[in-house]
Structure formats: C-alpha cells, structure tokens
Amino acid sequence: MREIVRHEPGTFCWPELATTDAEAAKKLYGALFGWTFEDQPAAAGMTYTFARLAGKDVAALYVLEAAQRERGVPPHWNSYAAVDSADESAMRALILGGTIVVKPFDVGASGRMAIVRDPQGATLCLWEARAHPGAQIIGEIGSLCWTELATTDPDAAGHFYASLFGWALKKQETGAHAYTELWKGPRPAGGMMAIDKEWGPMPPAWGVYFRVADCDATVAKAKTLGARVLAGPDDIPKVGRYAFLADREGTTFAVMALAP
C-alpha cells in the first residue's frame, strides 16, 4: 500500500464518523474493512478514535455530544477536503454564498480546520494539514475510494465548488440520471448528482464510499452485523459494483468493488 504524506488541496482527505455508539461502530466497520482502532483523548473530555488499516490512519470516529443530539443532529459521516488555508477557504465559501458553520480553529499540532455549508445545505469540513495529513491510505481495499455530493441543484452547487476548489466539472449521462465528476487536475476528486424525488425528503449531503474486494459478500456480512441495505448491490458499467448501507445508528455509507 502506498502511504500518502500530503493531500493535494481540493481533494478529499479524511472521512470521520459522528456516531451515538462508538463500540457498535467499531464492531461493524472493523469487521467490514479490517480496521483497528485507537482511542485518544480530545478536547472537553471527548474521545477521538483513529481507525487504522495496516497500521496507517484511514478514518476516525467520535460520539456526538449530548447538546448535538438534543438539537437533532443525526449520526453521519463527515467529509474533509484538503486546503492550503482553512481561514482563506472558509472566507471564500462565505463570499460565494455559503455559510461558515464552525469558524477556523486549531486542532492541536495536527492542523487547522473549519466547517462550511454550501448554498444548498450540504456541509463540508476544510482541513489545513500540519502534523497530520489526513488519511494515509486512500483508494485501497478497506479505505475511502470516492466522495459524492447529493444535492438539490447540481448547477449551482457545481459553480460553488468549482470556484472554491478549482474543480473542473465533467458531466455525463449514466442511465436515467445525469452525473457530474469533479476533477482536480488530472484525476477526479469526487462526484455529484441531483437528489431524486424517489429518495424522499433527503437533505443535500456529502457521502462516502469505501472500497471492498467483493461488494455482495460485504453486503451479506454487513446484514449479519445489523446494517441495513438501502440500495443495491448494483453495477456501474466500467466502474464497479456498489451498494448503499446504513449502520445500526442510521448512518449511511456506500461500499464499492471496483472493476478491473
């Protein structure tokens, strides 16, 4: 496995689970992706848990605070995008019509971060790396392989993020739905699609995909561990086989077995 020591600004660098049951999350994701875990003390008495694959950081999780749960914040996966400056990128998001949800702040010696919300309502974390680059493995089996925005207005969202990160938008038709790849330089940084009415009252959000060797086997295993299948498994021609799942706490995520 190739270890990543620096993420290019404008690319996704860290998946982070906010959950209500850390032990249940460790059991599920550890079994599905081969992760091991290390709890570390964080601010205000919290515990921040690093998920590791082959000894390298690939993700993290923490328990939602009582105040967050009281406000109705559901369990969810946070997506982090690498930036040169959390302060400058947060201000840029504000100028472009977004909202600064959490002002830039230092995370010890690890880095500096901010949380912003795009004009359609999807939330994204910005990461200015210092001692910690983010995920040290991406794209390998058991690690993050794709990050995807479901939004109510792909054109407006595309303009916002292209202006924020310098992404090139490459639209394509995939069956009944249009899909937009978000390219940073020579490779795609992620994807975007419109929320379908058939999905119900789904708010705009960024979602995470984790790579697996066998999609169907992973889905079957997830079901035995209490996860629910939301969609799939299904194929995307020339891309791979995927499924959308929800863990016991209701957090959604996707798994993908890539085509050769």
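Each residue takes its place number in the sequence, starting with 1. As the structure is a prediction and not an experimental result, all values here were calculated from the model.
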For the residue pair [X] and [Y], what are the closest heavy atoms and their distance?
| X | Y | value |
| --- | --- | --- |
| Ala257 | Ala213 | CB-O, 3.9 Å |
| Leu144 | Trp146 | CD1-O, 3.6 Å |
| Ala59 | Trp14 | O-CH2, 3.3 Å |
| Leu53 | Ile141 | CD2-O, 3.3 Å |
| Pro154 | Met193 | CG-C, 4.3 Å |
| Pro233 | Ala243 | CA-CB, 4.0 Å |

Are [Y] and [X] co-members of a hydrophobic cluster defined by side-chain heavy atoms under 4.5 Å apart?
| X | Y | value |
| --- | --- | --- |
| Tyr80 | Leu149 | no |
| Ile195 | Phe244 | yes |
| Val219 | Val208 | yes |
| Met192 | Phe160 | yes |

Are side-chain heavy atoms of [X] and [Y] found at a separation under 4.5 Å?
| X | Y | result |
| --- | --- | --- |
| Pro204 | Thr152 | yes |
| Pro15 | Phe253 | no |
| Leu61 | Phe37 | yes |
| Met256 | Thr218 | no |

Steps toward side-chain contact (heavy atoms from CB on, under 4.5 Å) verdict (Tyr62, Asn78)
CA-CA 11 Å; Tyr62 66 92; Asn78 291 315; 3.4 Å; yes
Give a yes or no on whether the backbone of [Y] and the side-chain of [X] come within a donor-acceptor separation of less than 3.5 Å.
| X | Y | result |
| --- | --- | --- |
| Lys184 | Phe165 | yes |
| Lys223 | Val229 | no |
| Trp35 | Gly142 | yes |
| Glu128 | Ala86 | yes |
| Arg52 | Glu38 | no |
| His7 | Ala135 | yes |

Just verifying a value: how many Å separate [X] [atom1] and [Y] [atom2], rounded to the nearest 0.5 Å?
| X | Y | atom1 | atom2 | answer |
| --- | --- | --- | --- | --- |
| Asp235 | Tyr242 | CG | OH | 9.0 Å |
| Leu164 | Leu126 | CG | CG | 6.5 Å |
| Asp84 | Glu8 | CG | CD | 8.0 Å |
| Leu182 | Leu169 | CG | CG | 6.0 Å |
| Thr11 | Trp183 | OG1 | CH2 | 14.0 Å |
| Arg117 | Thr123 | CZ | OG1 | 4.0 Å |

Evaluate side-chain contact (heavy atoms from CB on, under 4.5 Å) for Val63 paired with Met46, printing each intermediate quantity in order.
CA-CA 8 Å; Val63 175; Met46 291 179 59; over 6 Å; no
Under the criterion side-chain contact (heavy atoms from CB on, under 4.5 Å), I'd like the reasoning laid out for Leu124 against Phe12: C-alpha separation, chi angles, the key distance, then a yes or no.
CA-CA 10 Å; Leu124 183 66; Phe12 291 98; 3.7 Å; yes
Just one of Thr252, Thr251, Asp247 clears the side chain to side chain contact (heavy atoms under 4.5 Å, CB included) bar with Pro75, so which one?
Thr251
Decide side-chain contact (heavy atoms from CB on, under 4.5 Å) for Leu64 and His76; before the verdict, give the C-alpha distance in whole Å, the side-chain angles of both, and the deciding distance to 0.1 Å.
CA-CA 10 Å; Leu64 285 165; His76 61 278; 4.3 Å; yes
So, Tyr29 versus Trp77, ring centres under 6.0 angstrom or not?
yes
Please determine which of Asp21, Thr36, Asp39 meets the side-chain hydrogen bond (donor to acceptor under 3.5 Å, both in side chains) test together with Lys26.
Asp39
Arg6 atom CZ, neighbour heavy-atom count above 12 within 6.0 Å:
yes
N/O donor to acceptor pairs below 3.5 angstrom from side-chain atoms of residues 88-115, sequence neighbours left out:
| unit_1 | atom_1 | unit_2 | atom_2 | d |
| --- | --- | --- | --- | --- |
| Ser89 | OG | Ser85 | O | 3.1 |
| Asp106 | OD1 | Arg112 | NH1 | 3.0 |
| Asp106 | OD1 | Arg130 | NH1 | 2.9 |
| Arg112 | NE | Asp87 | OD1 | 2.6 |
| Arg112 | NH2 | Asp87 | OD2 | 3.2 |
| Arg112 | NH2 | Pro104 | O | 3.4 |

Output yes when Glu3 and Lys56 qualify as a salt bridge under the 4.0 Å nitrogen-oxygen rule, no when they do not.
yes
Enumerate the side-chain hydrogen bond (donor to acceptor under 3.5 Å, both in side chains) contacts for residues 202-217, please, sequence neighbours excluded, ordered by first and then second residue.
Glu148-Tyr209, Tyr161-Trp206, Asp216-Arg241
Residues forming a ring-ring contact (aromatic ring centres under 6.0 Å, His included) with Phe50, sequence neighbours excluded:
Tyr48, His132
